Amino acid sequence: MKRLAVFASGRGSNFRAIVDHARMNILHDVEVGLLVTNDAAAPVVDIARKNSIPAIHIEGIFGKKFPSKQERERARNEFDQKAIDTLKENRIDLVALAGFMQVLGPSIVHAYEYRTMNIHPAKDVRRFGGPGMFGERVHAAVLSAGEKESGCTIHYVDESVDGGPVILQSIVPVEIGDTAESLAHRILIQEHRTYSKAIQLHVDNRLKVLDRKVTIDWSGNWEEDWNRRQEAFIRSQMLLEPAA
Ligand code: GAR
């Protein structure tokens, strides 16, 4: 059984989807053991509480002003060190950033190298990712660039922002008349399906990173089995969202 920690700062719909996959026994050999947040008042904390998952708040730096760059770095390092200690104390094997509004520094990135994933709500992470690119800003940039498609990307976290080795992507077409909100909404539905798939691939030891590229071992009936198990989740999404 691998123990997963999710880092999140806001609404927490990706966290909820991962918890649902575990609860519905779609995710195998994965226990959602911890939520780490840098915002004690974030709605995601409530989701953890309702699902009896321990939630830990560590003072972060997102949205805060600091007197100097050094002070900001110091506060960030402090967060990272506390997070590493928390992960160790809780015997965490894998970390999933899900709407976590803070860049992790080198110490935690290396301590959990290729054991930390992130989700970004775009297909082209080079053009529509990086510092300051989060939430609706991403979708607004995709629309103003006139892209025909977008999507979501799950990648391992490295020292760059959104630039680590890509694990999985889901493509979502941009539709005529799309707003940042409508595009975000359709992509989110795919995010909720794709993140757990990436987690299961990792836990099943199907991912190898070579020269910063991820190769996936799809041998056997892995994907068929996954799709069959995930049907129940997709059905539950469609009940909430008939157009999904
Ligand atoms: C998600 O769309 C996620 O991809 C995005 O924030 C949203 C969080 O939603 N992350 C980023 O933009 C990171 N660069 P959630 O709190 O409902 O999971």
Side-chain angles (χ1 to χ4, degrees), residues 5-16 34-49 53-90 92 95-113 115-122 124-145 150 152-164 179-181 183-185 187-188 191 195:
V6 177
F7 281 35
S9 306
R11 173 181 58 186
S13 70
N14 275 289
F15 173 65
R16 188 201 303 271
L34 186 66
L35 171 77
V36 174
T37 186
N38 53 0
D39 181 354
V44 68
V45 176
D46 228 47
I47 301 173
R49 195 169 301 130
I53 295 165
I56 290 180
H57 170 244
I58 304 174
E59 192 72 35
I61 62 168
F62 183 73
K64 287 195 188 142
K65 293 238 178 303
F66 290 89
S68 65
K69 244 182 143 176
Q70 287 84 339
E71 275 299 300
R72 190 182 171 78
E73 256 330 275
R74 198 196 50 72
R76 183 161 75 139
N77 289 336
E78 204 173 300
F79 174 94
D80 289 350
Q81 193 49 54
K82 282 188 185 156
I84 292 172
D85 295 344
T86 303
L87 294 176
K88 289 199 172 138
E89 276 159 28
N90 286 275
I92 295 300
V95 176
L97 311 184
F100 184 62
M101 297 302 157
Q102 188 171 312
V103 175
L104 298 181
S107 61
I108 186 162
V109 166
H110 291 298
Y112 284 82
E113 191 177 39
R115 291 194 295 153
T116 308
M117 296 180 174
N118 179 45
I119 188 160
H120 187 72
D124 190 338
V125 277
R126 286 194 204 295
R127 285 170 65 215
F128 305 110
M133 270 294 198
F134 53 84
E136 295 233 328
R137 285 191 202 175
V138 179
H139 308 293
V142 165
L143 291 177
S144 64
S150 189
C152 65
T153 301
I154 321 288
H155 62 88
Y156 281 122
V157 173
D158 65 7
E159 284 194 40
S160 70
V161 179
D162 300 327
T179 60
E181 203 185 13
L183 181 58
H185 184 74
I187 290 175
L188 197 63
E191 291 186 43
Y195 214 164

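The first residue in the sequence is number 1, and the count goes up from there. The structure displayed is predicted, hence computed values, not measured ones.
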Give the intermediate values and the outcome of salt bridge (charged side-chain N to carboxylate O under 4.0 Å, His left out) for residues K88 and D85.
CA-CA 5 Å; K88 289 199 172 138; D85 295 344; 6.0 Å; no

Has the side chain of H120 got a donor or acceptor atom that lies under 3.5 Å from a matching backbone atom of F128?
yes

Would you find more than 12 non-hydrogen atoms of other residues, nucleotides or ligands less than 6.0 Å from R76 atom CZ?
yes

Mind running side-chain contact (heavy atoms from CB on, under 4.5 Å) on I187 and V138 for me, showing each step along the way?
CA-CA 11 Å; I187 290 175; V138 179; over 6 Å; no

Are the side chains of L188 and N14 in touch, meaning some heavy atoms are under 4.5 Å apart?
yes

Non-hydrogen atoms of G105 and D80 that approach each other most closely
N-OD2, 2.8 Å

Less than 4.5 Å apart, side chain to side chain, heavy atoms only: is that true for N90 and I56?
yes

Looking only at side-chain N and O atoms, does H139 offer a donor or acceptor that is under 3.5 Å from a partner on E181?
no

Is L97 close to L104 at the side-chain level, that is, under 4.5 Å between some pair of heavy atoms?
yes

Calculate, to the nearest 0.5 Å, the distance between atoms CD and OG1 belonging to E59 and T37 respectively.
10.5 Å

Give the C-alpha distance, both sets of side-chain angles, the deciding distance and a yes or no for salt bridge (charged side-chain N to carboxylate O under 4.0 Å, His left out) between K69 and E73.
CA-CA 6 Å; K69 244 182 143 176; E73 256 330 275; over 6 Å; no

Nearest 0.5 Å, please: how far is CG in D158 from CG in N118?
10.5 Å

Determine, step by step, whether M117 and Y195 satisfy the side-chain contact (heavy atoms from CB on, under 4.5 Å) criterion, reporting the C-alpha distance in whole Å, the side-chain angles of both residues, the deciding distance to 0.1 Å, and the verdict.
CA-CA 9 Å; M117 296 180 174; Y195 214 164; 3.7 Å; yes

Taking the side chain as every heavy atom from C-beta outward, state whether V109 and T116 have any pair of such atoms under 4.5 Å apart.
no

Can you give me the closest heavy-atom contact between Q102 and G60, atom names plus distance?
OE1-CA, 3.2 Å

Any side-chain heavy atom of V95 within less than 4.5 Å of one from V157?
no

Output for pair (T86 OG1, L34 CG), nearest 0.5 Å, gives 7.0 Å

When every non-hydrogen atom of A180 is compared with those of L143, the smallest separation belongs to N-CD1, 3.3 Å

Could you measure the distance from the NZ atom of K82 to the CD atom of E89? Nearest 0.5 Å is fine.
12.0 Å

Would you indicate whether the side-chain heavy atoms of I61 and F79 approach each other to under 4.5 Å?
no

Mind listing the closest non-hydrogen atom pair of P121 and S150 along with its distance?
O-OG, 4.2 Å

Once rounded to the nearest 0.5 Å, what's the spacing between atom CZ of R11 and atom CZ of R16?
10.0 Å

Minimum heavy-atom distance between I58 and V36, given as atom pair plus value
CD1-CG1, 4.0 Å

At their closest point, which heavy atom of R137 faces which heavy atom of G132, and how far apart are they?
NH1-O, 2.8 Å

Report the distance from atom CD1 of I119 to atom SG of C152, rounding to the nearest 0.5 Å.
4.5 Å

4.5 Å side-chain heavy-atom contact, K64 and R72
no

How about S9 and N38: does a side-chain donor come under 3.5 Å of a side-chain acceptor?
yes

Taking the six-membered ring for Trp and the full ring for Phe, Tyr or His, determine whether the centres of F62 and F7 are under 6.0 Å apart.
no

